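Just so we're clear, the structure is a prediction, and the values are computed from it rather than from any experiment. By convention here, the first residue in the shown sequence is residue 1.
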Amino acid sequence: MAQQEALGRGGGGDGEPDSRTAPAAPPGDDLSEALREVLTLTQLARAALAERLGMPLTSVEAVEHVVMARGAGEPIGPVELSRRLGVTSAAGTQSVNRLVAEGHMTRGPHPRDGRRQVLDVTPGGFGHVMGELAPLLELLVRAGDALTPDERAGALRYLEHLATAYDTYLTGGETGRSGGA
């Protein structure tokens, strides 16, 4: 609690801002608040999906990454999957081994570089996850269907700007802060 109070005051014991603390978060607006709510609900839905599937959240995320990479025509291997999951290669290998043993995923040679491995989701693994995920995806499609063409265009622009903002942050690009990095 004292730490929270110190952070709220800027960390200076004498009431003066402490230059070592991070700047305050920018004030939110209605779009920012709605986005924050969607992000929170997304995390809760992912946890509920993992629970319904009887799988650890990391395993559900692993299946999702492999499916999305395959869909984009860029299959990934265990090392890239570990990076995307934000875990060590050892932890990633353990997750892959578990998913392969459970019949959710396969490992095979890379189509162009036989020394590397690529991952794929088995039909059973895909069906298991999609059986629980399909109802949510249907609700999300219906939410978009309720928009007019102009609303869809505006929402699409906003989401594209958000994707650019996340990409900028992830690549260490300029964030609009004064004074450079």
ask   = Does atom CZ of Arg107 have more than 12 heavy-atom neighbours from other groups under 6.0 Å away?
value = yes
ask   = Do Val87 and Val60 belong together in a cluster built from hydrophobic side chains that touch within less than 4.5 Å?
value = yes
message = If I compare all heavy atoms of Ala45 with all of Leu136, which pair ends up nearest, and what's the gap?
response = CB-CD2, 4.3 Å
inquiry  = Take a 6.0 Å sphere around CD of Glu102 and say whether it holds more than 12 heavy atoms from other residues, nucleotides or ligands.
reply    = yes
note = In short, Ser82 meets Ser89 closest at the heavy-atom pair OG-CA, 3.7 Å
Check: Met105 and Val66 side chains under 4.5 Å, non-hydrogen atoms = yes
note = In this structure, CD of Glu33 is separated from CZ of Arg36 (nearest 0.5 Å) by 4.5 Å
message = So Phe126 and Val63, do their side chains get closer than 4.5 Å, heavy atoms only?
response = no
request  = Please check if Leu53 and Met130 belong to a single hydrophobic cluster, counting links between Ile, Leu, Val, Met, Phe, Trp and Tyr side chain heavy atoms closer than 4.5 Å.
outcome  = yes
ask   = Hey, what do you get for CG (Leu39) to CG (Leu44), rounding to the nearest 0.5 Å?
value = 11.0 Å
Verify same cluster id: Leu139, Leu147 (apolar side-chain graph, 4.5 Å) = no
inquiry  = Quick check: do Ser59 and Arg98 have side-chain heavy atoms less than 4.5 Å from each other?
reply    = yes
ask   = Would you call Arg46 and Glu64 a salt bridge, taking side-chain N to carboxylate O under 4.0 Å as the test?
value = yes
query = Have Asp167 and Thr164 got a donor and an acceptor in their side chains that come within less than 3.5 Å?
reply = no
inquiry  = Quick check on the hydrophobic clustering: are Leu41 and Leu133 connected, directly or via other members, by side-chain heavy-atom contacts under 4.5 Å?
reply    = no
Expected output: side-chain Glu151 to main-chain Thr148 donor-acceptor under 3.5 Å = yes
message = Rounded to the nearest 0.5 Å, what separates atom CG in Leu31 from atom CG in Leu35?
response = 8.5 Å
ask   = Does the side chain of Gln117 come within less than 4.5 Å of Pro78's, by heavy atoms?
value = yes
inquiry  = Tell me if a side-chain donor or acceptor on Thr122 pairs with a main-chain N or O of Gly103 at a distance below 3.5 Å.
reply    = yes
key: ILVMFWY cluster, Leu85 and Val129 together (side-chain gap under 4.5 Å)   = yes
Distance (rounded to the nearest 0.5 Å) between Ser32 OG and Glu37 CD = 13.0 Å
query = Taking 4.0 angstrom as the limit, do Arg83 and Glu80 come out as a salt bridge?
reply = yes
Shortest non-hydrogen separation from Pro56 to Ala50 and the atoms involved = C-CB, 4.2 Å
ask   = Do Leu119 and Leu81 come within less than 4.5 Å of each other through their side chains, counting heavy atoms only?
value = yes
Backbone N/O of Asp120 and side chain of Arg70: donor-acceptor pair under 3.5 Å = no
ask   = Could you give the distance from CZ (Arg152) to CG (Leu159), rounded to the nearest 0.5 Å?
value = 10.5 Å
Interatomic distance, Glu132 atom CD to Met55 atom CE [nearest 0.5 angstrom] = 11.5 Å
